Amino acid sequence: MKKVATRFAPSPTGPLHIGGLRTALFNWLYSKNKSGKFYLRIEDTDKERSKEEHKIQIINSLKWMGIEHDGEEYIQSEMIGEHVAIAKRLLENGNAYKCYCSAEEIEEQKKRAKQKKIPYVYNRKWRDISEDQTPKNIKPVIRFKSKINGTSLLKDLVQGNVEIENNTIEDFVILRNDETPTYNLSASVDDHNMEMTHIIRGDDHKINTFKQIQIYEALGWDIPKFAHIPLIHTIDGKKLSKRDNASTLEDYSKIGILPESLRNYLLRLGWSYKDKEIFDLDESIKLFNLEGIGKSPSKLDMSRILSMNEYYIKNSEENILYKKLKEYCEIYKDKIEEEKENTMKNSLKFLKNKAKTLEDIFNNSKYLLNDKVIFNDSDKKLINDEAKKIIHLFKEKISKIDVFDRENLEQIVNGLIKLKNTNFKGVGQPLRIMLTGSKFGPGIYDIILSLGKKEVIKRLGNVGQDNI
RNA sequence: GGUCCCUUCGUCUAUCGGUUAGGACACAUGGUUUUCAUCCAUGAAAGAGGGGUUCGAUUCCCCUAGGGACCGCCA
């Protein structure tokens, strides 16, 4: 039994989107589960559209989610010579032939087929014409001699048995007239050379598989096992593409989705293990299998991602969470000043219970991050004369206490509520606005304690200034 | 249009012929919390339709409908 080897083979023509990320995840998990290898192949043979920056973005995206490939990344464009050689071999073995149809001629045939509403299949014009009858002034493409009769069966590990009439697979081009190989040739040769045992990829490749299997057979190569996973659909049921919003990894990282949340979400999208919802990294590796993959496409659900993220944030240890927050703020918000570090770390205990994303934490901690409180006009109006009196009294009272803790603060607040014959809101709201510039946020005692006595007194002193 | 695939609550899914069709997210209501949340409890919510097979079908088979993917000298 050969050691399991899987690969993820994106083309670097754009940023990785989360459908691709899920495919990579499934490949990676499967290989880890089988103690096998996982490789990354960059399919950059489309020179026009392939970009180095996208390649880097893809690798970083995988790394972000904890997916690391074995060995160096395999660069497909470097192997073109090999692909061309195989095309020639196929030609010599009689499994392929030169086709002299011009692009215009093919275009014309397609157009006509469309008009007549009949399916277009390349007419195999040059399939059986001997070499001495061919034009010498036209550069041919090389087409693979696909089977014409009978049916082919794909024993797909996810889709089950899929049978297709061979004559629906046309004689596809394997080498263009500029001597460059096409996808189905390159992919087959590379997968063979890389000794892939399992090819796990999107459903959209299913028809290609029939072509690729024929190439394997023509060359006498071992055929890997295939698993075609259903695609991720947008909310209106279409294949997810890079153009859809909220489709790239960046769309999620920028609002502060944690890698482990997205990993868990993507794992459970189209795959299940009993009623289990939360899988830590070890569990996902241990429990992942192809049998658990469903056959129908699934839709992306943002509220589910958010709720997963909320779970992972709540269950993060504060020091680890802080590291992630720090990194997040550096990239997407403002750098957290060093002197705020301890305060922030300590405050995460309560901040993390009110957040679905790192961005929420950032927003809820602005009062700690910024020394100057910014007020909006409608909030300012809430600081009326009565509120001002309460703020003054509160300031006076906390100045006098020795132990600045929750218990003493509660006593003071409750005392004020009684004295002023009001409710908690009557005291809490003015304080909250003065201290944070917002009506919402963490609990008032958390705010006060996290700011510290000195800062609280200072901020409450703003009453009477700045139009307040 | 052709080929192939899919179809259980709004969403992700469990069920491998016998269940009051289960869970999670979202939603609604109530409670806790004197902000917003959290948390807790409760609730509403599904087998596309029609035929078979069977003592019995969500489950197996067929048809219909709906949806999707592919149909490049892109990958």
Side-chain angles (χ1 to χ4, degrees), chain A residues 9-13 43-46 48-50 76 99 101-103 106-107 110 113-121 139-143 154 156 158-160 162-165 167-170 172-178 180-184 186-187 202-208 210 228 230-231 233 235-239 265 268-278 291-292 294-308 310-311 314 350 352-356 360 364 413-414 417 422-429 431-433 438-444 447:
Chain A
S11 61
T13 54
E43 304 209 328
D44 59 343
T45 52
D46 185 341
E48 300 277 300
R49 298 194 300 143
S50 294
Q76 188 164 62
C99 163
C101 293
S102 66
I106 300 283
E107 237 6 85
K110 278 186 196 169
K114 207 167 187 182
Q115 274 171 2
K116 287 194 196 160
K117 298 207 172 198
I118 54 169
Y120 166 76
V121 182
K139 282 207 120 194
V141 299
I142 296 180
R143 286 183 184 269
L154 168 64
D156 194 279
V158 169
Q159 307 282 333
V162 183
E163 198 172 15
I164 197 171
E165 296 272 342
N167 60 24
T168 62
I169 303 290
E170 67 167 1
F172 53 98
V173 173
I174 54 176
L175 204 67
R176 302 184 186 96
N177 62 9
D178 64 356
T180 58
T182 62
Y183 167 74
N184 281 302
S186 296
D203 215 356
D204 47 348
H205 281 289
K206 206 157 55 189
I207 301 299
N208 285 328
F210 288 96
H228 289 95
L231 302 175
H233 279 179
I235 206 70
D236 32 59
K238 300 268 186 271
K239 175 181 168 180
Y265 173 76
R268 274 290 284 100
L269 190 65
W271 178 84
S272 62
Y273 181 83
K274 298 178 184 170
D275 272 347
K276 197 168 163 59
E277 298 286 349
I278 302 294
E291 294 75 41
K295 285 175 149 196
S296 54
S298 29
K299 291 176 186 163
L300 223 42
D301 181 2
M302 194 58 196
S303 64
R304 194 70 178 278
I305 298 175
L306 253 14
S307 124
M308 190 64 80
E310 186 178 16
Y311 173 87
K314 279 193 176 57
F350 61 86
K352 73 178 187 181
N353 285 323
K354 305 179 73 78
K356 283 181 155 58
D360 289 346
N364 275 327
V413 169
N414 288 332
I417 291 171
T422 180
N423 55 17
F424 183 85
K425 196 178 171 189
V427 176
Q429 185 160 284
L431 288 176
R432 176 188 300 283
I433 291 172
S438 169
K439 275 184 290 194
F440 313 108
I444 189 68
I447 292 172

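Remember, predicted model here, so these are calculated numbers, not experimental data. Quick note on labels: first sequence line is chain A, next is B, and so on, each numbered from 1.
- Taking the P atoms as reference points, B/U20 lies 31 Å from B/C27, given to the whole Å.
- B/G67 and B/A28 are spaced 30 Å apart, taking the P atom of each and rounding to whole Å.
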I'd like to compare against my own output: the B/S/- annotation of nucleotides 28-34 of chain B with a strict under-4.0 Å heavy-atom distance to protein.
------B

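- Side-chain proximity of A/Glu310 to the nucleotides B/U38, B/U11, B/A69 is greatest for B/U38.
- Proximity of a side-chain donor or acceptor of A/Gln76 to a complementary backbone N or O of A/Thr45 within less than 3.5 Å is not detected.
- Every side-chain contact (heavy atoms from CB on, under 4.5 Å) that A/Ile278 has, sequence neighbours left out, goes to A/Asn264, A/Met308, A/Tyr311, A/Tyr312.
- Separating the P atom of B/U29 from that of B/U38 is a span of 14 Å, rounded to the nearest Å.
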Scan nucleotides 14-24 of chain B nucleotide by nucleotide, 5' to 3', and note B when protein non-hydrogen atoms come under 4.0 Å of the base, S if they reach only the sugar-phosphate, - if neither.
S-------BBB

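- With sequence neighbours left out, A/Phe210 forms a ring-ring contact (aromatic ring centres under 6.0 Å, His included) with no residue at all.
- Taking atom P in both B/G52 and B/A41, the straight-line distance is 46 Å, to the nearest Å.
- Contact annotation for A/Gly426: no contact, since no heavy-atom pair falls under 4.0 Å across all strands.
- The side chain of A/Val141 sits closest to B/C73 out of B/U35, B/A75, B/C73.
- Across all strands shown, A/Thr180 has no heavy atoms under 4.0 Å from either base or sugar-phosphate atoms.
- Nucleotides B/A21 and B/C40 are separated by 27 Å at their P atoms, to the nearest Å.
- Every ring-ring contact (aromatic ring centres under 6.0 Å, His included) that A/Tyr183 has, sequence neighbours left out, goes to A/His205.
- Picking from B/C73, B/C36, B/A75 the nucleotide with the shortest atom distance to the side chain of A/Asp46 gives B/A75.
- Following rounding to the nearest Å, A/His228 (NE2) and B/C70 (P) show an atom-to-atom distance of 12 Å.
- In this structure, A/Ile444 places its CD1 atom 11 Å from P of B/U35, rounding to the nearest Å.
- Residues satisfying the side chain to side chain donor-acceptor pair (under 3.5 Å) test with A/Thr422, not counting sequence neighbours, are none.
- Within the 4.0 angstrom heavy-atom criterion, no nucleotide atom of any strand lies near A/Lys276.
- Here the P atom of nucleotide B/U11 and the CD1 atom of A/Ile305 are 16 Å apart, to the nearest Å.
- Rounded to whole Å, atom P of B/A69 lies 18 Å from atom CG of A/Asp156.
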In B/S/- notation (B base, S sugar-phosphate only, - none; protein heavy atoms under 4.0 Å), nucleotides 2-7 of chain B written 5' to 3' is SSSSSS

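- Residue-level contact check: A/Gly237 touches the backbone only, with heavy atoms under 4.0 Å from sugar-phosphate atoms and none from bases.
- Comparing B/U58 with B/G22, their C1' atoms are spaced 13 Å from each other, to the whole Å.
- With C1' as the reference atom, B/U13 and B/G47 are 13 Å apart, rounded to whole Å.
- In this structure A/Asn167 satisfies the side-chain contact (heavy atoms from CB on, under 4.5 Å) test together with A/Arg124, A/Glu165, sequence neighbours excluded.
- Comparing B/A26 with B/U32, their P atoms sit 22 Å apart, to the nearest whole Å.
- Partner assigned to B/C39 is B/G31, using Watson-Crick or G-U wobble distances below 3.5 angstrom.
- Counting any heavy atom pair closer than 4.0 Å across all strands shown, A/Glu48 reaches no nucleic acid atom.
- The listed nucleotides are B/C70, B/U35, B/C73; the one nearest the side chain of A/Lys354 is B/U35.
- Residues passing the side-chain contact (heavy atoms from CB on, under 4.5 Å) test with A/Lys139 are A/Asn177, A/Glu179, sequence neighbours excluded.
- Between atom OG of residue A/Ser303 and atom NZ of residue A/Lys356 there is a gap of 9.0 Å, rounded to the nearest 0.5 Å.
- Across all strands, A/Pro10 comes closer than 4.0 Å to no nucleic acid atom at all (heavy-atom distances).
- Residues satisfying the side-chain contact (heavy atoms from CB on, under 4.5 Å) criterion with A/Asp204, sequence neighbours excluded, are A/Leu231, A/Lys239.
- Applying the side chain to side chain donor-acceptor pair (under 3.5 Å) rule to A/Asp275 yields no partners; only residues at least two apart in sequence or on another chain are considered.
- Looking at heavy-atom distances under 4.0 Å, A/Asp44 makes no contact with the nucleic acid at all.
- Atom CZ of A/Phe350 is separated from atom C1' of B/U35 by 14 Å (rounded to the nearest Å).
- Contact annotation for A/Asp204: backbone-only contact, meaning every heavy-atom pair under 4.0 Å involves sugar-phosphate atoms and none involves a base.
- Counting to the nearest Å, the P atom of B/C70 and the NE2 atom of A/His233 are 9 Å from each other.
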Distances for protein N/O vs nucleotides 40-49 of chain B N/O pairs under 3.5 angstrom?
none

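- With hydrogens and angles ignored, the 3.5 Å screen pairs no side-chain donor or acceptor of A/Thr13 with any backbone N or O of A/Arg49.
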